[in-house]
Engineer: 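Following this message is one structure expressed as structure tokens.
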Amino acid sequence: MESTTRADGLVEAARQLFEAGVMSHSGHANLSARLDGDRFLLTPGFVRGLAAHQLATVGLDGRLLEGELRSVSTEIITMHSTVYRARPQVGAIVHTHSPAATAFAVAHRPLPCRTEPMLRFGQPEEVPVVPWGPRGSDVSVRGIADVLERRPTTSAVLLANHGLLVFGPDAAAAGQLLVAIEESAGVELAAAAIGGAVDFPPGALEAVRASIARVAS
Ligand SMILES: [Zn+2]
């Protein structure tokens with residue numbers, strides 16, 4: 001039952017990425033959701049028109065346990081399993097080539113947190129850049145693990161010359177943060193043309209947290 005819920009959540013999160021307009025022209029993305037300690041659901045190599053029964057079940061050791069994956073997808077298993085290993089509390093991961101965020105990744109520029117959505121939806125700090133390595137290679141995977149260790153509270157990384165990797169407690173949260181990051185990257189690029197984005201004043205995060213707590217109570 002629980003795995004059905006997670007599968008549906010993953011499919012819905014994938015659909016919302018298209019609806020939000022954050023996908024690259026190719027529509028490339030992969031999403032996963034942790035099932036239990038050492039297994040996760042993974043999109044099969046495409047996300048457009050995805051149905052829940054098409055998700056594969058993969059072990060953290062990289063083994064395909066159930067379903068089918070397109071051959072290229074086997075390369076991305078380690079990209080996901082590395083994050084699940086490093087962050088026991090992460091429940092879902094989303095990877096895209098969203099254009100504005102990927103511009104930062106290609107420029108090897110960390111994305112600062114200078115917008116309300118990033119501050120609110122789980123990334124109140126800059127998104128760091130992981131050095132380039134071929135997708136799924138030891139270099140790439142070690143790079144992700146290193147950055148996650150150095151930045152214990154980041155919920156996203158930019159993959160140099162590649163794209164964006166975002167994680168959260170569930171697929172909906174990870175997808176929502178991905179949209180916030182892509183929107184923020186676009187805004188940063190636009191602001192650069194008129195003098196550049198400006199940092200929040202000190203204490204902004206605390207002020208937002210207090211405001212959220214007031215609304216919730
Ligand atoms: Zn990619």
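We count ligands from 1, going down the list as the structure has it; atoms in each ligand are counted the same way.
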Engineer: Would you tabulate the side-chain donor-acceptor contacts of residues 201-212 under 3.5 Å, counting partners in other chains and residues two or more places apart, or write 'none'?
Structural biologist:
none

Engineer: State, without any angle test, whether Glu125 and Thr153 hold a side-chain donor-acceptor pair at a distance under 3.5 Å.
Structural biologist: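 Present: a donor and an acceptor within the cut-off.
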Engineer: Which heavy atom of Ser98 sits nearest to which heavy atom of Glu182, and what is that distance?
Structural biologist: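 For Ser98 and Glu182, the tightest heavy-atom pair comes out as CB-OE1, 3.2 Å.
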Engineer: Quick one: pull up CD1 in Ile144 and NE2 in His80 and give me the separation to the nearest 0.5 Å.
Structural biologist: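 Output value for this atom pair is 9.0 Å.
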Engineer: For residues His28 and His162, establish whether the separation of their ring centroids is below 6.0 Å.
Structural biologist: no
Engineer: What are the protein N, O or S atoms, given as residue plus atom name, that sit under 2.8 Å from the Zn ion (ligand 1)?
Structural biologist: His95 NE2, His97 NE2, His162 NE2
Engineer: Determine the minimum heavy-atom distance between Ser140 and Gly133, stating which atoms define it.
Structural biologist: CB-O, 3.7 Å
